[in-house]
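Hydrogens, waters and symmetry mates play no part in the numbers below; they use all other heavy atoms, side chains included.
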Amino acid sequence: MATIVIDPGHGGYDIGGAYFGRQEKDDNLRFSLALADYLRRHGERVVLTRSGDYFVPLLNRSAISNSAGANLFVSIHRNAFALPSANGMEIYTRAYPSAVEVRDASLILSELLKVPNVFRNRGIHRADFSVLRNTRAPALLIELGFISNEQDNQIFDTRFNELVEAVGKGILEAVGGAVVPPQGGDATVRQIQSTLNSRYNAGLIVDGIAGSLTKNALVRALQQEYNTQFNAGLTVDGIFGPRTRSAMRLFRQGSRGNIVWLIQAALYLKGERIAVDGIFGPLTDSAVRRFQASHGLSVDGIVGPNTFEALFT
């Protein structure tokens with residue numbers, strides 16, 4: 001088991017790059033949490049330099065890695081530039097990298113380039129960044145596209161799970177971990193993951209484990225369905241935010257279809273062991289009422305904005 005330190009760049013008042021209200025610190029954290037989940041499911045020990053939206057000084061980030069005895073330190077960022085045409089991904093090593101760091105950067109970049117329609121490849125570069133210079137372990141900084149470029153943002157959002165898996169595979173190769181899906185897990189969760197892959201191109205590993213990637217894919221699928229069925233114009237980013245909440249309609253006993261399937265899948269992942277078949281029957285109604293009661297919601301069996309929010313966050 002290797003110890004991998006994942007460093008979500010920026011945080012708190014340090015927002016990093018920004019684009020029409022979108023802030024780099026949020027993208028960095030969301031990606032890092034999903035990456036940590038992926039690596040833990042593959043048996044590695046992961047330490048995060050931050051797990052929420054708060055500021056961590058640069059030297060503290062390196063100190064966390066040094067104290068953890070990390071085998072690899074990876075800092076996650078999104079690039080930004082005044083000209084919106086700037087685009088692409090790149091990986092940085094320290095100014096005078098070891099052969100191990102060059103190899104590790106190449107392994108991760110190679111996996112990223114396998115993702116369909118991925119960012120333009122800007123290559124591997126050297127830099128005297130503090131988090132690289134002051135970290136004892138092999139250290140890399142990954143720029144996952146430009147937040148100031150609309151096309152790169154679309155790639156980041158629509159290929160999110162595939163990007164996480166690509167970086168995760170590269171890291172596992174770098175530290176000598178096993179790049180194989182864990183076996184076993186829950187059969188219904190595997191069915192949910194398979195359906196998310198086939199119906200919504202989610203790119204999930206079908207392992208029966210309801211981790212953050214599966215939950216993120218479920219929200220993305222909900223956003224896709226509302227865009228397709230109701231022309232909601234939602235950003236498909238896997239974040240159940242105010243715009244997604246305001247788009248929610250009412251579903252109740254007698255409803256059926258893909259959105260009901262997603263409701264049932266969300267209920268199952270929340271612990272309600274029901275059939276996930278797209279039909280809102282009496283058993284689904286009972287499960288919704290139990291869920292509402294346990295979450296302090298109005299117990300009416302109707303899945304509206306409040307119940308959607310509790311289910312998908």
Side-chain angles (χ1 to χ4, degrees), residues 3-40 44-82 84 86 89-95 101 105 108 119 125-149 152-153 156-157 160 163-164 167-168 171 211-213 215-216 219 235 237-243 313:
T3 296
I4 302 153
V5 173
I6 304 299
D7 174 46
H10 307 287
Y13 64 81
D14 177 14
I15 67 171
Y19 181 80
F20 290 101
R22 182 173 189 151
Q23 298 182 343
E24 182 194 351
K25 65 174 183 176
D26 299 325
D27 283 358
N28 296 343
L29 180 61
R30 182 161 68 96
F31 191 92
S32 296
L33 291 173
L35 178 59
D37 180 68
Y38 176 92
L39 293 169
R40 286 167 178 151
E44 307 301 339
R45 176 177 178 245
V46 179
V47 176
L48 287 156
T49 61
R50 68 179 178 99
S51 57
D53 184 18
Y54 49 85
F55 177 72
V56 180
L58 294 176
L59 288 177
N60 288 19
R61 296 169 190 259
S62 295
I64 290 169
S65 178
N66 296 341
S67 297
N71 300 98
L72 181 64
F73 173 95
V74 179
S75 190
I76 300 297
H77 286 258
R78 309 246 3 248
N79 222 328
F81 195 65
M89 63 182 177
E90 54 198 353
I91 300 180
Y92 285 90
T93 67
R94 68 187 85 211
E101 287 169 322
I108 294 172
F119 310 108
H125 307 282
R126 302 180 182 188
D128 192 32
F129 296 140
S130 173
V131 290
L132 303 183
R133 181 177 68 252
N134 293 296
T135 299
R136 287 196 291 266
L140 305 172
L141 186 147
I142 305 175
E143 297 275 10
L144 291 162
F146 280 68
I147 199 170
S148 50
N149 181 274
D152 276 8
N153 286 335
F156 185 86
D157 292 335
F160 182 84
L163 293 169
V164 169
V167 174
I171 289 173
S212 62
L213 292 181
K215 295 169 185 175
N216 176 273
V219 179
T235 300
D237 57 7
I239 301 171
F240 195 98
R243 285 198 62 203
T313 57

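A salt bridge links E101 to R94: one of the charged nitrogens lies within less than 4.0 Å of a carboxylate oxygen. One finds no salt bridge joining D14 and K25 here, because no Lys/Arg side-chain nitrogen approaches an Asp/Glu carboxylate oxygen to under 4.0 Å.
Taking CZ of R126 as the reference point, atom OH of Y92 lies at 13.5 Å (rounded to 0.5 Å). Separation of atoms CZ (R78) and CG (N153) is listed at 4.5 Å; rounding is to 0.5 Å. Here S65 contributes atom OG and I4 contributes atom CD1; the two are 11.0 Å apart, rounded to the nearest 0.5 Å. Rounded to the nearest 0.5 Å, atoms OG1 (T235) and CZ (R243) are 5.5 Å apart. Of the inter-residue distances, the one linking R50 atom CZ with I6 atom CD1 reads 13.0 Å to the nearest 0.5 angstrom. Interatomic distance, N60 CG to T49 OG1, rounded to the nearest 0.5 Å: 10.0 Å.
A search for side chain to side chain contact (heavy atoms under 4.5 Å, CB included) contacts involving L33 returns L29, L48, not counting sequence neighbours. Partners of P242 under the side chain to side chain contact (heavy atoms under 4.5 Å, CB included) rule, at least two apart in sequence or in another chain, do not exist in this structure.
A donor and an acceptor atom, one from each side chain of N134 and S130, are located under 3.5 Å apart. R45 and T3 share a side-chain donor-acceptor pair at under 3.5 Å.
Between the side chain of D128 and the main chain of A95, no donor-acceptor pair closer than 3.5 Å is present. No donor-acceptor pair under 3.5 Å is formed between the side chain of D7 and the backbone N or O of V74. Of the possible polar contacts, none joining the E24 side chain to the G16 backbone as a donor-acceptor pair under 3.5 Å is found. Not one N or O on the side chain of N28 forms a donor-acceptor pair closer than 3.5 Å with the backbone of P8.
Taking the six-membered ring for Trp and thresholds of 30 and 60 degrees, F31 and F160 have ring planes more than 60 degrees apart, a perpendicular arrangement. The aromatic rings of H77 and H10 stand perpendicular to each other, their planes meeting at an angle above 60°, with 30° marking the opposite boundary.
You'll find the side chain of N66 reaches within 4.5 Å of the side chain of T135, heavy atoms only. Side-chain contact between R22 and D27: present, with at least one pair of heavy atoms (C-beta onward) separated by less than 4.5 Å. For the pair L132/T93, no side-chain contact is recorded, criterion being any heavy-atom separation below 4.5 Å from C-beta on. With contacts defined as side-chain heavy-atom distances shorter than 4.5 Å, the pair I147/N79 does not qualify. Considering only heavy atoms from C-beta on, I171 comes within 4.5 Å of L72 through its side chain. F119 places a side-chain heavy atom less than 4.5 Å from the side chain of L163. Contact check for N216 versus R30: side-chain heavy atoms found under the 4.5 Å cut-off. The shortest distance between side-chain heavy atoms of I76 and S32 falls below 4.5 Å.
When all heavy atoms of A36 and V46 are compared, the closest pair comes out as CB-CG1, 3.6 Å. Residues F81 and A86 share a closest heavy-atom pair of CB-CB, 3.8 Å. For L141 against F129, the heavy-atom pair with the smallest separation is CD1-CD1, 3.8 Å. Nearest approach of N71 to A137, heavy atoms of both residues: C-CB, 4.2 Å. Of all heavy-atom pairs between A80 and G17, the closest is CB-CA, 4.2 Å.
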Show, in sequence, the C-alpha distance, side-chain angles and deciding distance for F73 and V131, and conclude whether the side chain to side chain contact (heavy atoms under 4.5 Å, CB included) test is met. CA-CA 9 Å; F73 173 95; V131 290; 3.9 Å; yes
